[in-house]
Amino acid sequence: MSTIEVGLPDGRTLEVSQGATVLDVAEQIGAGLARAALAGRIAGELVDLRQSLDASCSLEIVTTKDPAGGEVIRHSAEHVMADAVKRLFPQAQVDAGRTDHTEKFQYDFKVAEPFTPEDLDAIAAQMKKIVKEKADFVREVVTREEAERIFTEMGEDLKVQRLHDIPDGQDITLFRHGKFVDLCRGPHVRNTKQIGAMQLIEAAGAYWKGDERNEMLQRIYGTAFATKDELKEHNERLEQARERDHRRLGTQLDLFHLDPDAPGSPYYLPKGMVVYNGLVDFMKSLYPKYGYSEVMTPQVNRARIYKTSGHYDMFHDDMFWMDGADDEEEVGVKATNCPCHCRVFSLGKRSYRELPLRLAEFSRLHRNERSGTLTGLSRVRSMAQDDAHIFCEPEQVEDEVARFFEMLKEVYTALGLDGLEVKLETRPEEFMGDPADWDVAEGRLKDAVEAAGFQCGINPGEAAFYGPKVACDFKDVLGRSWTLGTIQMDMAMPGRFGLHYTGRDGEEHQPAMLHRAVLGSLERFMSLYIEHTAGDFPLWLSPVQVAILPIADRHHDYARKVADTLAAGGIRVFVDDRAEKLNYKIREAELQKVPIMCVLGDQEEEAGTVSPRLRRVGEHRAEAMAVDAFVEDLTGRVARREV
RNA sequence: GCCGACGUAGCUCAGCUGGUAGAGCAACGCAUUCGUAAUGCGUAGGUCGCCGGUUCGACUCCGGCCGUCGGCUCCA
């Protein structure tokens, strides 16, 4: 029997016989390692312990110390859950599990009745029993026919259908533990006893193969860790995350209100409005630099313009419609600015000399989103985007994309936001235009993103109907991804509106059109920004910038005088003249995330100074300074939009 | 829209198997006038999401609707 060489992380090389498994190698390194082993890793890919090694390679043994170990544990707990469900509900059919086990696991089941919370408790209890049975996971490679026979006999019709989706020529592997068997690529732990702590999260409906037209299966989510402590830590992290959920902070900090009488349509309260306006003003301040012109176009338009744009057919059910005042045709509240911006372009004869024409608008947009999709400020029916449409010559598109990303970088840096994921979304099933044009446009966009210095992932089939799109995604506090900034090419609108310009050759040409937003929807941006900052906004965006805290009633006059001076300098100031102790006022201002507090007592009043306490830098007693100097310092920081 | 859970005072929440509601914080009043994260006492505040049903009696049980939350789907 021939031998192969296995390179280890510490630089050593082991000689093992060809066909030895990952576990064999682990045992050869040490019995302790073999006991702790959860999986192997070859060239960055996780492999199952029972995988045989046919050629020399570099191998790493993954244990609980490796973050990937948790994924293996959760994946294995997933099988234990399906086993438990089958034991308690023998009629249940098992569909597929989850592919991403970084945080949780899941399985979909076809059952007559949805699972109740009591069912989940019973399933969780059953899972514990199964783990105690200490069954080894067994990996089998079988033929397609064999697999089909096994699952047909078990009555697992969904599984048989899934089997048909596996391309020919690919190994079909099964994993067993005890009597439970499932079609699975692995990897799995050696023995169920390695699953130290499990927890079911919830049950939810999910359409078979993710398609609304299919029947709804019942999904169970759960998570698992090597130890109870890790599970506890995980739950504590989640709890902390919920503390900074924008909906919670929105109430605590009086930023916005979501009313049952206006689902998905936020009320901005005075403090939220400061943040909203701050962001809008910031974007507007950049318009001269990046060459945008602001317009304002009608909220309500006749159906005709939406028929021209294509929105009437594509999104009729998702718009708000009304009867016209007379017997004229129906009118719709705009869901997007693009039709109107096309109309603006079409006014008068355009020359190449005017291009690129960049039209920006902050109008509120209304989309009649399905009730189940609404979520806080993240997904709303009433919103505004920092929207703009760029009309340019086709050969200017790449420059425009580059310019967009330059602006985007400036904005996100100024706001202290990082962690953006940039993705190209490609042609969807329903689209307008020529597929060949799409291919070219997609390629150009991707190149431009990479030229701007971003890694560009791909989301296949996710683009809008009119053209490919680049989306900048950001994760919320619960780990959900939301698109903020976006730039997309429009292959449809210029043609539909018959847009053209006179080129330098004297001929008429159709302009290229780009849709773009840096912040995306202001609502969604606020939701993520509130969570990102935990409501602790930079000075220039803080609803209350300075809290004046007089120590005793006799300081109230001086407090008001200082406040008036600050307010006259454009600073948002609040005087806490309640008959409360200083500590109480400080605590209150801390909880309201007021960035600067001025405690005023005899010392300050006599000297005519303030002693600012800067919350952000944890500076409790700064040097006393003259009020005028303080105002000057603050207005400077605000004007520079210091983070 | 679909699946599930939830909906009690401004906020956060308690209220066992049906007998018309309670706490903490906030608000308000009085006292306190205090130097860097909670002063004390008191007052007020709720047709228990809405509508209907069962019952002598419903916050509690049942049904419908509305909304919220978590998923699914959708997202110009």
Side-chain angles (χ1 to χ4, degrees), chain A residues 104 106 108 113-117 119-120 201-221 242 245 247-248 251-252 254 257-264 306 309-319 334-339 365 367-376 378-381 383 385 387 428 462-467 469 471 478 480 482-483 486 488 490 492-493 515 521 524 549-556 578-591 597-604 611 613 615 619-622:
Chain A
K104 42 191 172 183
Q106 75 189 42
D108 292 354
E113 294 292 324
F115 295 110
T116 63
D119 291 340
L120 289 194
I201 300 170
E202 64 163 352
Y207 298 104
W208 155 246
K209 289 191 180 178
D211 191 328
E212 202 174 15
R213 291 163 300 194
N214 291 339
E215 68 176 314
M216 186 161 257
L217 305 178
Q218 294 302 317
R219 176 172 297 175
I220 300 178
Y221 288 96
R242 284 189 203 105
D245 186 310
R247 292 164 293 195
R248 180 187 283 253
T251 304
Q252 271 171 19
D254 289 321
H257 163 71
L258 290 163
D259 196 272
D261 284 338
Y306 304 117
S309 68
H311 292 97
Y312 190 88
D313 291 329
M314 298 292 287
F315 295 104
H316 188 272
D317 290 348
D318 304 310
M319 289 176 65
K334 73 172 160 189
T336 169
N337 292 310
C338 24
L365 308 172
R367 300 178 178 181
N368 201 357
E369 305 283 4
R370 294 155 87 182
S371 57
T373 63
L374 303 176
T375 304
S378 315
R379 186 74 187 273
V380 290
R381 288 193 173 134
M383 57 184 251
Q385 296 176 306
D387 198 14
E462 292 292 317
F465 68 90
Y466 49 67
K469 161 179 180 181
L478 298 174
R480 299 177 292 199
W482 301 91
T483 293
T486 171
Q488 22 196 319
D490 195 316
M493 222 70 78
H515 304 239
S521 117
R524 179 173 297 175
L549 312 180
I551 288 173
D553 288 357
R554 65 177 179 279
H555 307 121
H556 285 182
R578 292 176 297 181
E580 296 289 350
K581 295 183 76 170
L582 178 61
N583 279 348
Y584 178 87
K585 296 181 184 179
I586 289 173
R587 178 182 157 81
E588 189 87 330
E590 288 284 349
L591 294 176
M597 291 168 228
C598 290
V599 175
L600 298 185
D602 293 337
Q603 292 165 26
E604 285 76 15
S611 312
R613 169 185 163 123
R615 202 166 63 77
E619 194 177 319
H620 283 196
R621 272 200 129 165

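Just so we're on the same page: letters track the sequence lines, and every chain starts at 1.
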Notebook entry, point to check: Angle class for the A/F465/A/F315 ring planes (parallel below 30°, perpendicular above 60°, tilted otherwise)?
Noted result: tilted
Distances under 3.5 Å only, N/O to N/O: pair up the protein atoms with those of nucleotides 4-7 of chain B.
none

Rounded interatomic separation in angstrom, taking [atom1] from [X] and [atom2] from [N]:
X	N	atom1	atom2	value
A/D211	B/C2	CG	C1'	13 Å
A/E462	B/U73	CD	C1'	12 Å
A/M314	B/C75	CE	C1'	12 Å
A/I220	B/C3	CD1	P	17 Å
A/L600	B/U33	CG	P	20 Å
A/R367	B/C74	CZ	P	16 Å
A/E369	B/C72	CD	P	16 Å
A/Q603	B/C34	CD	C1'	14 Å

Checklist line | Ring-base stacking, A/Y466 with B/A76 (5.5 Å, 30° cut-offs) | finding: no
Using nucleotides 12-15 of chain B, report all nitrogen or oxygen pairs with the protein that are shorter than 3.5 Å.
none

Counting just side-chain N and O atoms, does [X] come under 4.0 Å of either OP1 or OP2 of [N]?
X	N	result
A/R242	B/C69	no
A/N583	B/U36	no
A/R219	B/C3	no
A/K469	B/A76	yes
A/Y584	B/A26	yes
A/R379	B/C74	no

Quick one: the side chain of [X] and the base of [N], do they pair up donor-acceptor inside 3.5 Å?
X	N	result
A/R381	B/C75	no
A/R587	B/U36	no
A/R613	B/U36	yes

[atom1] gap between [N] and [M], integer Å:
N	M	atom1	value
B/C50	B/U55	P	23 Å
B/G46	B/G35	P	39 Å
B/U20	B/A26	C1'	27 Å
B/G40	B/U32	P	16 Å
B/G67	B/C51	C1'	15 Å
B/A5	B/C11	C1'	22 Å
B/C74	B/C3	C1'	16 Å
B/C25	B/U43	P	15 Å

Do any N or O atoms from the side chain of [X] and from the backbone of [Y] form a donor-acceptor pair under 3.5 angstrom?
X	Y	answer
A/R381	A/E369	yes
A/R219	A/A204	no
A/T375	A/S378	no
A/D119	A/T116	yes

Using a 4.0 Å heavy-atom cut-off, does [X] contact any base of the nucleic acid, only the sugar-phosphate backbone, or nothing at all?
X	result
A/R213	nothing
A/D259	nothing
A/I201	nothing
A/D261	nothing
A/R247	sugar-phosphate
A/A579	base
A/A464	sugar-phosphate
A/T375	sugar-phosphate
A/G376	sugar-phosphate

Nearest listed nucleotide, side chain of [X], among [options]:
X	options	result
A/Y221	B/G71, B/G35, B/A76	B/G71
A/L582	B/U73, B/U36, B/A76	B/U36
A/I586	B/C72, B/C69, B/U36	B/U36
A/M216	B/C2, B/U68, B/A76	B/C2

Using a strict cut-off of less than 4.0 Å between a Lys/Arg side-chain nitrogen and an Asp/Glu carboxylate oxygen, indicate whether [X] and [Y] qualify as a salt bridge.
X	Y	result
A/E590	A/R613	yes
A/D211	A/K209	no
A/D602	A/R554	yes

Next item on the list: Provide the Watson-Crick or G-U wobble partner of B/A58, both distances under 3.5 Å; none if there is no partner.
Entry: none
Next item on the list: Identify the nucleotide, in any strand shown, that forms a Watson-Crick or G-U wobble pair with B/U39, with both distances under 3.5 Å; if there is none, say none.
Entry: B/A31
Check: Does the side chain of A/Y466 come within less than 4.5 Å of A/Q488's, by heavy atoms?
Finding: yes
Check: Which heavy-atom pair separates A/P339 from A/T336 by the least distance, and what is that distance?
Finding: CD-O, 3.7 Å
Next item on the list: Might you point out which heavy atoms bring A/G601 and A/I551 nearest each other, and give the distance in Å?
Entry: CA-CD1, 3.8 Å
Next item on the list: Can you measure from CD1 (A/I220) to CD (A/Q218) and round to the nearest 0.5 angstrom?
Entry: 8.5 Å
